[in-house]
Amino acid sequence: MTAPGADQYCVIGNPVEHSKSPQIHAAFAAQTGQAIEYGRRMAPLDAFADVVRDLIAKGYKGANVTLPFKLEAASLATRLEERARAAGAVNTLSFIDGEIVGDNTDGPGLVADLTRNADVALAGKRILLLGAGGAARGVMLPFLQQGPKTIVVANRTRATADALVAAFQDQVTDVRACGFADIKDSFDIVVNATSASLAQEMPPVPAAAFGAGTLALDMMYGAAPTPFMLFAAKQGATTRDGLGMLVEQAAEAFAIWRGVRPATRELLSTLRA
Ligand code: NDP
């Protein structure tokens with residue numbers, strides 16, 4: 001049942017039952033006193049656009065988009081914010097005056113988690129980004145906006161890393177591509193943006209990438225540390241999973257829709273517990 005006057009939102013995905021977004025947005029709504037309802041919507045693989053049109057017809061104000069529809073959402077949007085255009089993918093849709101506005105809060109969510117929750121500034125840092133898929137592309141612009149010294153993108157398929165790096169050349173930050181075997185030095189921050197953890201695998205990153213001062217973050221989250229996190233910890237790195245990124249990308253989406261950014265620290269502790 002919809003509460004009278006509540007604006008409606010949902011997350012669209014396939015599968016979508018596992019999504020924590022309804023729980024997160026319900027907590028944000030309670031905290032900020034915003035009258036919203038947020039549900040889940042499973043879209044058939046060939047019917048994402050139909051689902052979006054149905055939501056608009058029903059008066060929904062927006063939706064989050066998760067796997068495998070982030071690229072399709074970018075094509076469907078009638079207007080793209082800069083960070084969505086740079087990412088080539090959309091995870092947040094707003095339905096405003098007949099427009100479908102696409103944004104991407106995954107990268108800003110990761111930056112917020114690193115800078116606010118982990119208390120790690122990115123300016124002047126040496127960053128190693130593992131993977132060159134959608135998640136890696138999404139973090140490039142938000143990372144560059146923080147002014148790191150270096151971003152090295154390592155990918156299994158070298159050509160994909162080369163293409164990603166070519167799209168994000170920068171005047172302040174040295175942005176380079178390499179293969180995993182080329183990694184010889186340690187980094188301040190190592191982000192695992194490969195999907196290896198989904199299969200309980202580890203990207204073939206050498207031990208040399210990690211030192212005692214390294215923060216190693218896996219975008220994946222779950223009940224147990226990933227093989228990447230276990231390996232990095234063994235090399236003396238501090239480790240972090242992707243739950244903070246998830247909560248922060250949701251907070252960014254909530255701020256886009258409602259004009260108020262919820263606090264996240266307490267919710268993050270609750271979800272971790
Ligand atoms: P994509 O499918 O777009 O990209 C996958 C990437 O992983 C590619 O670079 C691929 O390399 C690489 N890869 C896959 N398997 C391996 C392996 N065994 N060893 C080394 N490299 C591998 O996925 P996404 O970019 O969308 O997602 C990546 C991860 O980020 C997922 O785990 C996802 O759950 C997570 N994520 C978390 C979010 C959060 O809020 N916490 C938000 C968004 C994503 P190649 O090019 O060679 O195939």
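Both ligands and their constituent atoms are indexed starting at 1 by order of listing.
Atom 14 (C) of ligand 1 has its closest protein heavy atom at Ser195 OG, 3.3 Å. With hydrogens left out, the protein atom closest to atom 15 (N) of ligand 1 is Arg156 NH1, 3.5 Å, a heavy atom. The shortest contact between atom 33 (C) of ligand 1 and any protein heavy atom is with Leu198 CD1, 4.9 Å. If you check which protein heavy atom lies closest to atom 27 (O) of ligand 1, you get Ala135 CB, 3.8 Å. The protein heavy atom nearest to atom 9 (O) of ligand 1 is Asn155 OD1, 2.8 Å. Given atom 28 (C) of ligand 1, the protein heavy atom at minimum distance is Ala193 O, 3.4 Å. From the protein, the heavy atom lying nearest to atom 35 (C) of ligand 1 is Met219 CB, 3.8 Å. The protein atom (non-hydrogen) at minimum distance from atom 3 (O) of ligand 1 is Gly134 N, 3.0 Å.
Atom numbering of ligand 1 starts at 1 in the shown order; those under 4.0 Å from a heavy atom of Glu201 are 18 (N). Within ligand 1, the atoms closer than 4.0 Å to a non-hydrogen atom of Gly131 are 9 (O), numbered from 1 in the order shown. When each atom of ligand 1 is checked for a heavy atom of Thr157 under 4.0 Å away, the hits are 45 (P), 46 (O), 47 (O). Which parts of ligand 1 touch Ala196 is read off a 4.0 Å heavy-atom cut-off, strictly below it: atoms 15 (N), 16 (C), 17 (C), 18 (N). Every atom of ligand 1 with a heavy atom of Ala132 under 4.0 Å away is listed here by number and element: 9 (O).
For atom 43 (C) of ligand 1, the nearest protein heavy atom lies under 4.0 Å away.
One N or O on the side chain of Asp188 and one on the backbone of Arg126 form a donor-acceptor pair closer than 3.5 Å. The backbone N or O of Gln200 lies less than 3.5 Å from no partner atom in the side chain of Ser197, so there is not a single donor-acceptor pair.
Ring geometry, Phe28 versus Phe254: the interplanar angle exceeds 60°, so the pair is classed perpendicular (tilted spans 30 to 60°). Relative orientation of the Phe231 and Phe210 rings is perpendicular, given thresholds of 30° and 60° on the angle between their planes.
Looking at ligand 1, you won't find any N or O of Met245 less than 3.5 Å from one of its N or O atoms. Checked by distance only, ligand 1 and Lys70 stay at 3.5 Å or farther apart across all their nitrogen or oxygen atoms. Ligand 1 has no N or O atom lying under 3.5 Å from any N or O atom of Met202, backbone or side chain.
Considering Gly107, Ala199, Gly133 only, the shortest heavy-atom separation from atom 4 (O) of ligand 1 involves Gly133.
The closest side-chain donor-acceptor pair between Asn91 and Asn64, if any, does not fall under 3.5 angstrom. A donor and an acceptor atom, one from each side chain of Tyr221 and Arg272, are nowhere located under 3.5 Å apart.
Put simply, the residue from Val191, Ile189, Val190 that forms a side chain to side chain contact (heavy atoms under 4.5 Å, CB included) with Phe187 is Val190.
A salt bridge does not link Arg85 to Asp103: none of the charged nitrogens lies less than 4.0 Å from a carboxylate oxygen. At a threshold of 4.0 Å, the pair Lys149-Asp174 does not count as salt-bridged, since none of the basic side-chain nitrogens sits closer than that to a carboxylate oxygen.
Contact detail for Asn104 and Val90: the closest heavy-atom pair is ND2-N, 4.2 Å.
The hydrophobic cluster containing Phe228 also contains Phe180, counting ILVMFWY residues as joined when their side-chain heavy atoms lie under 4.5 angstrom apart, directly or transitively.
Counting heavy atoms under 4.0 Å from ligand 1, residue Thr194 touches it through both backbone and side chain.
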